[in-house]
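Encoded as structure tokens, the structure appears first; notes follow it.
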Amino acid sequence: MAKLPVREYPDPVLKQKAQPVTVFGDELKKLAQDMAETMYANDGVGLAAPQVGLSLRFITLDVAAGEDRGKEFLALANPVVVQGEGVLPWEEGCLSLPGMTVKTRRKAHVIVEAQDLNGNRIVLEGDELMAVALQHEIDHLDGVLLLDHASPLKKRMLLRDYARDKKRSMEE
Ligand code: ZN
């Protein structure tokens, strides 16, 4: 396995609409392993392929905490939210927007259709953090970032702070 570098905003790959996964084989399994290692190394709940520079509709997730990390690992190809209901206010961060948190309103309960690593169709349901993580990662596949959930004014403020923090971290 190899840990991959995480692309950060404003990397253009993050704004692209990703391409469907059409080949299910060893290469996809290797990608799942590399993304898992990258996600765990960064303490992430989820990771989308565009975040490691691949414009592909593929995500990894693990919403378990502490000792249970690794037990709820999921790798999903071509995930789509087919049903969503309720409203869930949340505060989210993103590995591609280090240092930023955004208050969002997500669907409280979602049903997602996807394919597993062998191309088999799977259906899963999510509430709470799982619902948020699924929506967050699927957003990445459409080039939608947390920033896009903020109002235009809030977005300007977030970007100003982000640019300042990024400049500072480059100077350190
Ligand atoms: Zn993200």
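First listed ligand is number 1; within each ligand, the first listed atom is number 1. Here the structure is a predicted model, which is why all the values come from computation and not from measurement.
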Throw together a table of side-chain donor-acceptor distances under 3.5 angstrom for residues 43-56, partners on residues two or more places apart or in other chains.
from : atom 1 : to  : atom 2 : distance (Å)
Q51  : OE1    : A48 : N      : 2.9
Q51  : NE2    : S96 : OG     : 3.0
S55  : OG     : Q16 : OE1    : 3.3

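Partners of E113 according to the salt bridge (charged side-chain N to carboxylate O under 4.0 Å, His left out) rule, which considers only residues two or more places apart in sequence or in another chain, are R121.
Counting heavy atoms from C-beta outward, R160 and D165 have side chains that stay 4.5 Å or more apart.
Within the structure, every pair that satisfies the ring-ring contact (aromatic ring centres under 6.0 Å, His included) test and touches residues 103-137, not counting sequence neighbours, is listed here: H136-H140.
Ion pair D34/K30 flagged as a salt bridge, since at least one NZ, NE, NH1 or NH2 atom sits closer than 4.0 Å to an Asp/Glu carboxylate oxygen.
Counting only protein N, O or S atoms closer than 2.8 Å to the Zn ion (ligand 1) gives 3.
Taking the six-membered ring where the residue is Trp, Y162 and Y9 present perpendicular rings, their angle passing 60° and hence far from 30°.
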